Amino acid sequence: MVDAGAMVKAGLMAGRKNAASPHPDGDLSSGESRIPPPNVRRNIRRRILTWYAKNARDLPWRRRAGDGYAQWVAEIMLQQTQVKTVIPYYNRFMQSFPTVKRLAAATDDELLHHWQGLGYYRRAANLHKAAKQLADAKIDLPRDPVNLRKLPGIGQYTAGAIASIAFNHPAPAVDGNITRVYARLFHITGDVTRPDTRRHIQNLAAAMIPTKIPGHYNQALMDIGATICVPANPLCTVCPLSNYCQANIHGDAGELPIKATRKSVTTQHVITTVIQHQNHLLVRKRPSTGLWAGLWEPPNVEISVTDAKDDAGKVPHLDTLLREYNISSNIIPQHIGRIPHLLTHRQYHFDVYKVQLFCRVRNTPDNNHQWIAQEYIHTLAISTATRKIFSLFTGE
DNA sequence: AATGCGGGGCG
DNA sequence: CGCCCAGCATT
């Protein structure tokens with residue numbers, strides 16, 4: 001309905017944390033009363049499972065159904081990341097690290113190299129840490145959500161997903177897709193980023209879970225969310241739940257779920273050097289925590305936005321950086337372009353300067369630096385932003 | 001409760 | 001090309 005849509009938009013634009021329910025009698029606080037009766041739950045379950053039997057996506061990890069490790073790796077990669085993006089990473093990863101033991105024996109660099117470009121690099125660190133914990137203790141991956149949850153990197157969703165899919169444990173696994181499906185199916189108008197709304201959906205999901213094949217049920221909902229009940233312009237006409245979907249009946253599926261606006265992004269300028277001597281480039285390793293943890297990049301310095309406005313103000317930052325590497329002031333850096341790179345919370349601009357050395361001033365400054373031949377750049381684990389920077393330098 | 005953490009897809 | 005999407009850990 002037009003009015004409902006307008007209300008939603010107004011709420012979002014204002015960045016309100018809690019979009020008030022338009023139906024006072026439909027308050028979320030009494031969560032339990034809103035769980036549908038058993039016969040409705042049965043019908044919905046049957047629809048979902050029947051649909052899944054015909055329409056399940058053929059995904060690499062689904063070919064290893066009983067393999068907890070395989071599901072674990074997949075679920076970690078799938079956090080905040082789409083299936084299509086994950087598949088090639090997953091296949092390479094499982095090729096190199098087919099078991100917990102093999103993963104535990106990997107080096108940090110080896111692991112990061114398999115993860116480079118996938119983002120959220122702490123996921124890789126936590127996965128590695130958890131694998132080492134299991135290997136050291138000589139225990140198998142837990143089969144229940146409570147114990148899975150104790151491993152680093154495994155939260156409520158991932159614990160439920162692994163336990164249900166790999167071990168047939170009747171646990172809900174409420175991710176973004178399933179949240180969207182339930183918000184529409186049961187017409188939940190509360191802000192889904194709020195704890196009370198999330199709790200309500202979690203309770204619904206727990207009530208909906210079938211005891212026999214919970215893994216199929218969870219995966220079916222994920223598939224429906226990914227292929228039919230998509231965020232914008234949901235394909236309600238082909239949805240197996242259309243007859244049961246309160247939002248479809250109400251005509252506002254596209255307006256749900258409601259969520260608070262995210263913080264706006266801030267702009268961050270970075271002066272990046274590509275320091276070249278013959279065919280070698282100088283790179284350094286980022287710290288093991290924070291953004292792009294443990295990845296390699298060319299030496300750079302972040303500058304404040306106010307500095308960026310003053311064009312002349314850039315040069316001192318660059319000079320200071322080059323002085324740290326004992327690079328002669330006779331060397332004139334050449335600006336070769338600007339790379340924009342957007343993150344959730346920050347808009348980066350990398351101003352890239354080529355610095356051509358005719359003699360190597362000194363050896364690598366410390367263990368976190370190295371000179372690397374251009375043809376071996378691909379052996380380094382680098383972020384997508386760094387890949388763009390190197391591409392600019394090499395001319396693709 | 002709020003924030004940090006990447007990257008890709010879509011209209 | 002502007003807008004949207006999505007779990008866990010830390011603080």
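We name chains A, B, ... by the order of the sequence lines, and we start the count at 1 in each one. Side chains included, hydrogens not; waters and symmetry mates left out as well; all remaining heavy atoms used. For clarity, every value in this text was computed on a predicted model and none was experimentally measured.
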Ring geometry between [Y] and [X] (parallel below 30°, tilted from 30 to 60°, perpendicular above 60°):
{"X": "A:H250", "Y": "A:H187", "value": "tilted"}
{"X": "A:Y69", "Y": "A:W72", "value": "perpendicular"}
{"X": "A:F93", "Y": "A:H114", "value": "perpendicular"}

Quiz item: Taking the side chain of A:L291 as its heavy atoms from C-beta onward, which of C:dC5, B:dC5, B:dG8 lies nearest to it?
Solution: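 Minimum distance to the A:L291 side chain belongs to B:dC5.
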Practice problem: Select one nucleotide: of C:dC5, C:dG7, B:dG9, the one nearest the side-chain heavy atoms of A:R180. | Solution: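 Selected nucleotide: C:dC5.
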Given atom [atom1] of [X] and atom [atom2] of [N], what is their separation to the nearest angstrom?
{"X": "A:I76", "N": "C:dG7", "atom1": "CD1", "atom2": "P", "result": "12 Å"}
{"X": "A:Q82", "N": "C:dC4", "atom1": "CD", "atom2": "P", "result": "15 Å"}
{"X": "A:Y121", "N": "C:dC8", "atom1": "OH", "atom2": "P", "result": "19 Å"}
{"X": "A:L78", "N": "C:dG7", "atom1": "CG", "atom2": "P", "result": "9 Å"}
{"X": "A:I258", "N": "C:dC5", "atom1": "CD1", "atom2": "C1'", "result": "17 Å"}
{"X": "A:Y120", "N": "B:dC5", "atom1": "OH", "atom2": "P", "result": "10 Å"}
{"X": "A:Q79", "N": "B:dC5", "atom1": "CD", "atom2": "C1'", "result": "12 Å"}
{"X": "A:N233", "N": "B:dC10", "atom1": "CG", "atom2": "P", "result": "12 Å"}

Answer yes when [X] and [Y] have at least one side-chain N-carboxylate O distance shorter than 4.0 Å, and no when they do not.
{"X": "A:R184", "Y": "A:D252", "answer": "no"}
{"X": "A:D67", "Y": "A:R62", "answer": "no"}
{"X": "A:D191", "Y": "A:K259", "answer": "no"}

Exercise. Please work out if A:Q80 contacts a base, only the sugar-phosphate, or nothing of the nucleic acid, heavy-atom cut-off 4.0 Å.
Key: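 A:Q80: base contact, heavy atoms under 4.0 Å.
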Quiz item: For A:T179, which contact category applies under a 4.0 Å heavy-atom criterion: base, sugar-phosphate, or nothing?
Solution: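 The answer is nothing, as A:T179 stays clear of every strand by at least 4.0 Å.
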Practice problem: Not counting sequence neighbours, which residues clear ring pair (Phe, Tyr, Trp, His ring centres under 6.0 Å) with A:F350? List them please. | Solution: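 A:F350 satisfies ring pair (Phe, Tyr, Trp, His ring centres under 6.0 Å) with A:Y348 only.
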Quiz item: Within less than 4.0 Å of OP1 or OP2 of B:dG7, is there a side-chain N or O belonging to A:T85?
Solution: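 No, no such contact exists.
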Exercise. Please determine if A:R92 forms a cation-pi arrangement with A:Y89, meaning its NZ or CZ atom is less than 6.0 Å from the six-membered ring centre and no more than 45° off the ring axis.
Key: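 Flagged: A:R92 positioned over aromatic ring of A:Y89.
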Quiz prompt | Contact residues, residues 339-349 of chain A to DNA chain B [heavy atom, < 4.0 Å] | solution =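 The stretch gives A:H341, A:L342, A:L343, A:T344, A:H345, A:R346 as the residues lying under 4.0 Å from the strand, ordered by number.
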Quiz prompt | Between A:E75 and A:Y157, a side-chain donor and acceptor under 3.5 Å | solution =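 Yes - a donor-acceptor pair under 3.5 Å links their side chains.
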Please enumerate all protein N or O atoms sitting under 3.5 Å from an N or O of nucleotides 9-11 of chain C, with distances to 0.1 Å.
unit_1, atom_1, unit_2, atom_2, d
C:dA9, OP1, A:G153, N, 2.4

